[in-house]
Amino acid sequence: MGLRSPAVDPRRAVPSVDRVVDALSAAPGERLPPAILTQCARDAVDAARAAAGLGAPVDVEAVIADATARSTRLARGLLRRVINATGVIVHTNLGRSPIGSDTFDSARGVATGYSNLEYQLETGDRGSRHAHAGALLARACGAEAGIVVNNNAAAVLLALGALARGREVVVSRGELVEIGGGFRVPEIMAESGCRLVEVGTTNRTRIDDYREQLRMDTALLLKVHASNYRMIGFTESTPVAQLASLGPPVMVDAGSGLLDDTTPWLPHRPAWLHDEPGVRQALDAGAAVVTFSGDKLLGGPQAGIVVGQAELIATIARHPLARAVRADKVTLAELQHVALAYLDGDATTLPLWRMATTPTDTLRSRAAAMAASVPQARVIDIESVVGGGSLPGFTIPSIGVATEVGSVERMLANLRDADVVARAADGCVVADLRTVHPDDDARLGAMLRSARAEP
Ligand SMILES: *Cc1c(COP(=O)(O)O)cnc(C)c1O
């Protein structure tokens with residue numbers, strides 16, 4: 001009678017965490033901190049141990065491959081640069097407006113050292129961070145004063161909280177909109193502590209609708225740019241100039257941040273801007289305060305800007321929330337550079353306006369050069385959009401490289417693996433060159449070639 005060997009626990013064949021970490025550290029590719037590699041190794045080892053406990057065979061290479069897949073997924077998820085070949089210029093998911101490298105360089109000195117952020121070099125006294133970009137942006141749109149905060153949602157919240165807390169704010173039912181990712185006008189108003197008074201109907205609101213709701217307690221008349229939707233047909237809204245004649249201060253949430261609808265910073269006003277309202281025009285029509293985003297049609301960093309009457313801006317700046325939503329020095333330095341470009345009368349140095357106004361002929365020759373190097377590719381006429389909830393339904397003529405391929409979905413996934421975001425149209429993969437920096441053309445061409453060939 002032979003001795004039966006004691007049953008060997010299959011879990012003992014699972015490699016140690018250290019062994020897997022060593023394999024991960026030796027692998028080529030992006031370096032992640034040891035603590036993260038250890039976590040990936042531990043997760044893979046735990047999973048293998050659990051499977052072995054249920055009787056699955058243990059394969060050391062498979063455990064290492066699982067840990068590698070986990071760390072690769074983590075590394076891929078790190079914030080990184082991508083090529084935007086979607087043709088959506090202010091692409092919220094891809095970071096809205098790119099910052100120009102000269103704008104970034106001008107902020108570098110401020111960001112990497114100390115600065116006169118809140119210090120007056122002339123007197124040695126304490127200064128205000130609103131004296132820089134806020135004041136320059138106010139000047140660029142003809143306002144008395146301005147203040148910069150975290151984003152436009154914060155700007156609206158702060159302005160309402162500071163100017164209308166506990167009092168009534170009258171707004172048209174046609175303007176109680178939701179702007180992407182959870183900015184709902186009625187909810188922001190509730191958070192700010194003011195009382196919403198709805199007037200008119202979804203499609204028509206007249207000046208008498210506002211007039212009938214005026215009370216001693218009316219703090220503001222609010223006008224919200226619908227931004228991301230457009231009503232056509234039997235519609236009527238009350239212009240700022242008429243609202244301003246009613247008495248209470250008028251606050252305008254302009255959204256996009258088009259500083260002046262005559263675009264004096266461009267050689268010609270682009271037709272695709274249609275009737276997008278300008279901040280300057282709202283002020284000229286009598287708005288007391290106007291809020292807008294820094295990273296939509298202004299072409300700057302994420303920020304919210306409030307411009308208007310000096311007294312109201314001072315009230316806003318004093319409110320406790322102003323401290324909670326204030327902009328940091330890097331944003332302020334970048335916005336200062338952007339404001340100076342507008343004041344200089346040439347905003348084509350900003351990537352947003354450069355991309356938006358590149359002639360289709362220029363795009364066509366770039367596309368022709370690119371298409372020549374990609375099998376089954378051709379140059380096509382397409383339409384770009386501004387995006388970011390601006391100018392819905394309006395497009396900018398553009399040029400793309402369309403590639404015919406067996407599986408469009410597969411090729412788009414291959415491109416994403418190479419940090420390229422393109423779009424599908426008419427059974428092709430389309431790269432819209434309007435949103436691609438010319439410096440990236442060679443890389444994009446190479447990626448289209450390899451993403452098309454890969455299974
Ligand atoms: C985009 C937009 C907002 C939100 O601005 P953020 O800068 O994204 O916070 C608010 N109101 C209007 C009208 C907008 O278009």
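In this chain, residues are counted from 1 in sequence order. All figures in this text were calculated on a predicted structure; none of them were measured in a lab. First listed ligand is number 1; within each ligand, the first listed atom is number 1.
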Review point. Do Phe394 and Trp272 have ring centroids that are under 6.0 Å from one another?
Key: no

For His225, the ligand 1 atoms with a heavy-atom partner under 4.0 Å come out as 13 (C)

Residues at least two apart in sequence or cross-chain that pass salt bridge (charged side-chain N to carboxylate O under 4.0 Å, His left out) with Asp426, listed by chain then number, are none

Contact region, Lys296 to ligand 1, non-hydrogen atoms below 4.0 Å, reads side chain

Counting from 1 in the order shown, the ligand 1 atoms closer than 4.0 Å to a non-hydrogen atom of Ala153 are 5 (O), 6 (P), 9 (O)

What about Ser256: any of its N or O atoms under 3.5 Å from an N or O on ligand 1?
-> no

The complete set of side-chain hydrogen bond (donor to acceptor under 3.5 Å, both in side chains) pairs with one or both residues in residues 120-140, sequence neighbours excluded, reads Glu118-Arg126, Glu118-Arg129, Thr123-Asp125

Electrostatic pair Asp419:Arg81 at N-O distance under 4.0 angstrom:
no

Ligand 1 to Gly255, heavy atom cutoff 4.0 Å, flagged ligand atoms 12 (C), 13 (C), 14 (C), 15 (O)

Is it the case that Asp432 and Ser384 place a side-chain donor and acceptor less than 3.5 Å from each other?
yes

Under 4.0 Å from one or more heavy atoms of Arg96, ligand 1 contributes atoms 6 (P), 7 (O), 8 (O)

